[in-house]
Amino acid sequence: MLLFDDYWKMTFEILKKIFPGLKENDLALDRSGHGDFTLRSFQIMKDQKVSMEDISRQVADVLGKEDFIEKIEPVGGYINFTIRRDKMMQAMKKEIDSTGLYPDTFQDPERVSVEHTSTNPTGPIHIGRIRNSILGDSLARLISRYGYRVTTQYFINDSGKQVATLFAGYRKYVKDSNPNVNDLLDGYKKVNDVLENDHSLQEEVDEIIRQYEKGDPDTIRNIRMICTVILNSINESLSRIGIKIDDYTWESDLIRAGDVDRVLESLSDKLQEEDGAKYITSLDRKMFLTRSDGTSLYFSRDIAYHLYKFQNFDWLINVLGENHKEHMKHLEYVLKDLMEIERRLDFVYYSYVSLESGRMSTRKGNMVTLDELVERAMEESMKVVKEKRPDLPIDKLNEIADSVAISAIRFQLVKLNANKTLVFKWSEALSLEGDSAPFIMYSYARAASILRKLEEPETAISQEYDSSESALIRQMYFYPYALEEAFRGLRPESVANYLLELTRKFNDFYTNCPVVNAKETERSKRVLIIHLYKNIVKDASNIMGIKILEEM
RNA sequence: GGGCCCGUGGCCUAGUCUGGAUAAGGCACCGUCCUUCUAAGUCGGUGAUCGUGGGUCCGAAUCCCACCGGGCCCGCCA
């Protein structure tokens with residue numbers, strides 16, 4: 001929960017006393033530039049059969065005497081409220097002085113699990129999967145900022161057909177007791193080619209699964225070993241863009257610890273069989289839990305994993321590609337309707353990333369890996385930073401180029417509504433202008449630069465702010481509302497859009513309001529604005545995974 | 001065939017959940033501003049039947065219905 005002097009709420013509660021039927025949405029943050037909050041009176045006029053004049057008079061009576069109100073203006077069917085800027089400044093300053101953050105957070109005891117990425121350890125992480133990681137990581141940061149104890153989790157699929165196939169390839173073509181990633185992937189590709197028309201090999205893969213689930217020590221040791229090699233490389237790629245996952249769970253551990261069997265037991269009265277394979281009927285569909293040879297299927301392992309997570313968490317969030325939607329409907333049905341688990345479970349889906357040449361495919365080689373993207377973004381940002389800052393030493397240039405590249409990649413993916421399909425284009429991915437992370441970072445660096453030029457600057461809250469200052473103060477003050485919206489909808493892109501708007505407001509302030517050479521009274525109030533601005537940008541950027549810099 | 005998602009200037013998006021005031025940005029294009037704090041920036045201009053057709057409503061990009069176009073799903077894969 002967010003803590004701050006919430007003038008929207010105060011206004012709403014006062015209005016609610018005179019209009020008991022008032023809905024939260026009737027008092028909106030104004031988007032049209034008329035005021036800060038706007039009361040839409042249409043419904044009130046209709047319900048209570050009163051005139052606009054009556055409403056205006058009543059509102060003026062109760063709110064006119066509140067000291068945080070600057071102006072009340074009825075226009076058409078709206079009543080616009082303007083909040084005093086010095087009150088907004090005070091509200092922000094108060095939190096930052098005492099906690100270092102605006103808004104302050106009330107720490108919620110609930111523990112939240114955010115599962116993201118969970119990609120099969122059968123290949124490098126590519127730009128399709130990375131949408132999952134970036135979305136999940138930002139979501140985790142957002143929820144944590146909101147006051148929950150968040151753990152990020154990765155479910156390692158090491159017991160399905162894909163990994164068994166990987167192992168078959170290793171055994172046939174690689175053999176090395178200390179294999180590298182590329183050899184493993186080559187082996188995987190070769191086996192997949194052979195599998196297309198060789199049924200004996202299919203039998204071999206099935207046998208590997210049986211051995212693995214049965215607990216054959218040699219199979220376990222080897223599969224763990226090759227999965228770890230690939231997983232390490234995935235994690236290395238992720239850490240390159242600032243993503244670290246807290247907890248890993250191996251599917252095979254849940255099988256051997258009996259979790260999957262317990263799922264079958266608890267569903268025993270609903271289980272049906274077909275050729276020895278067990279299934280349940282979920283929403284008119286057969287959902288198989290085991291194969292006819294007794295080995296487990298993803299559905300039962302996923303149920304087991306969710307039960308395991310519910311032992312330690314009050315709220316589970318899963319970030320998944322849209323192709324999992326149907327599957328998750330059935331998972332939810334089992335957990336909520338059959339097992340009657342009432343705890344909170346949310347799914348956040350994202351649409352696919354494709355290339356201009358079409359859908360990505362690891363096997364066909366039509367893909368762009370994260371490593372490749374990072375490398376090219378680094379080159380691009382290095383080129384730019386060298387051109388812009390020839391005065392800086394090389395290690396400084398490296399640091400800037402690195403932050404710019406990584407921030408740009410993350411921001412580009414997180415700012416887009418997750419439901420939209422994304423066609424990856426190099427020209428857009430490598431762009432460092434416009435609505436991008438560098439746009440935000442650059443503004444922040446200019447703000448920092450102003451403060452560096454002043455020795456022990458005074459700060460002050462003024463009674464008077466001009467229009468650029470006023471618009472910026474308002475946008476800063478509204479930060480908690482943006483966090484709230486993002487949190488409620490589990491949509492980090494709301495924070496991204498907020499941050500872009502904040503940057504535009506700051507740029508307007510920057511061009512219109514000189515600081516360093518301003519008179520003392522002007523300077524001190526602007527210095528405080530910059531302090532608050534820097535604080536909020538830093539905070540919001542952290543949620544977005546943008547690595548903010550004091551100089552660039 | 002059934003289900004879910006998307007459709008907003010030439011291109012990419014915000015706004016859709018929770019209907020409300022002249023539809024907000026970016027890219028590209030044309031023009032402006034470095035003798036004031038970093039031009040990765042600023043200001044101005046060109047450019048939108050909000051996929052189409054109905055409906056509900058005082059009011060629809062937003063809600064409902066139908067259709068069109070694109071994506072995803074409908075495995076003893078994950």
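Here is how names work: the chains are called A, B, and so on, in the same order as the sequence lines, proteins then strands, and each is numbered from 1.
- Evaluation of the side chain to side chain contact (heavy atoms under 4.5 Å, CB included) rule for A:S354 yields A:V423 as partners, not counting sequence neighbours.
- Contact annotation: A:R291 reaches the phosphate of B:rC77 (side-chain N/O to OP1 or OP2, under 4.0 Å).
- Within the nucleic acid shown, A:T38 comes within 4.0 Å of at least one base atom, counting heavy atoms only.
- Taking the P atoms as reference points, B:rC17 lies 9 Å from B:rC64, given to the whole Å.
- Across B:rC76, B:rU16, B:rC12, the shortest atom-to-atom separation from the side chain of A:R31 is found for B:rU16.
- Not counting sequence neighbours, the partners of A:T122 by the side chain to side chain contact (heavy atoms under 4.5 Å, CB included) test are A:N120, A:Q162, A:V163, A:L166, A:Y188.
- Here A:D206 lies out of heavy-atom contact (under 4.0 Å) with every strand.
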Give each protein N/O atom lying under 3.5 Å from an N/O atom of nucleotides 5-9 of chain B, with the pair distance.
{"residue": "B:rC5", "atom": "O4'", "partner": "A:K325", "partner atom": "NZ", "Å": "3.4"}
{"residue": "B:rC5", "atom": "O2'", "partner": "A:N419", "partner atom": "O", "Å": "3.4"}
{"residue": "B:rG7", "atom": "OP1", "partner": "A:K420", "partner atom": "NZ", "Å": "3.0"}

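- If you check every strand for non-hydrogen atoms under 4.0 Å, A:E551 touches a base.
- Taking 3.5 Å as the limit, the base of B:rA21 and the side chain of A:D30 contain a donor-acceptor pair of atoms between them.
- Residue-level contact check: A:G489 touches neither bases nor backbone, having no heavy atom under 4.0 Å from any strand.
- Taking 90° from 0 as the syn/anti boundary, the base of B:rC34 is oriented syn.
- Checked against a 6.0 Å centroid threshold, the rings of A:F37 and A:F81 do not count as neighbours.
- In this structure, A:E485 reaches the bases: a heavy-atom distance under 4.0 Å links it to at least one base atom across the strands shown.
- A distance of about 13 Å separates the P atoms of B:rA23 and B:rU49, rounded to the whole Å.
- Using the Watson-Crick or G-U wobble rule with both distances under 3.5 Å, B:rC63 pairs with B:rG55.
- Residue-level contact check: A:D302 touches neither bases nor backbone, having no heavy atom under 4.0 Å from any strand.
- Comparing atom distances between the A:E274 side chain and each of B:rC12, B:rC76, B:rC73 picks out B:rC76 as nearest.
- Taking a cutoff of 4.0 Å between a charged side-chain nitrogen and a carboxylate oxygen, A:E326 and A:K329 qualify as a salt bridge.
- Each of A:R488 and A:S32 lies near RNA chain B, and the nucleotide nearest A:R488 is the one positioned closer to the 5' end.
- Annotation: proximity of residues 447-454 of chain A to RNA chain B (heavy atom, distance under 4.0 Å) is found for A:S449, A:I450, A:K453, numbered in ascending order.
- If you take atom C1' in B:rG47 and the same atom in B:rC30, they sit 12 Å apart, rounded to whole Å.
- B:rU32 and B:rA48: their C1' atoms are spaced 26 Å apart (whole Å).
- In this structure, of B:rC37, B:rC76, B:rC17, it is B:rC17 that holds the atom nearest to the side chain of A:R491.
- A straight line from NZ of A:K23 to C1' of B:rG20 spans 12 Å, rounded to a whole angstrom.
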Under 4.0 Å protein heavy-atom contact, by nucleotide of nucleotides 39-46 of chain B - B base, S sugar-phosphate only: SBSS----

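- For a distance-only test at 3.5 Å, the side chain of A:T290 fails to qualify as a donor-acceptor partner of the base of B:rC76.
- With both pairing distances under 3.5 Å, B:rC34 is matched to nothing as a Watson-Crick or G-U wobble pair.
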Please report, to 0.1 Å, the donor-acceptor pairs under 3.5 Å made by any side chain of residues 25-32 of chain A, with sequence neighbours excluded.
{"residue": "A:D26", "atom": "OD2", "partner": "A:K23", "partner atom": "N", "Å": "3.0"}
{"residue": "A:D30", "atom": "OD1", "partner": "A:S32", "partner atom": "OG", "Å": "2.9"}
{"residue": "A:D30", "atom": "OD2", "partner": "A:S32", "partner atom": "N", "Å": "3.1"}
{"residue": "A:D30", "atom": "OD2", "partner": "A:S32", "partner atom": "OG", "Å": "3.4"}
{"residue": "A:D30", "atom": "OD2", "partner": "A:G33", "partner atom": "N", "Å": "2.8"}
{"residue": "A:D30", "atom": "OD2", "partner": "A:H34", "partner atom": "N", "Å": "2.9"}
{"residue": "A:D30", "atom": "OD2", "partner": "A:G35", "partner atom": "N", "Å": "3.4"}
{"residue": "A:S32", "atom": "OG", "partner": "A:H34", "partner atom": "ND1", "Å": "2.5"}

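- Within the nucleic acid shown, A:R301 comes within 4.0 Å of sugar-phosphate atoms alone, with no base atom in reach, counting heavy atoms only.
- With distances taken from any side-chain atom of A:K161 to the nucleotides B:rC77, B:rU36, B:rA78, the minimum falls on B:rC77.
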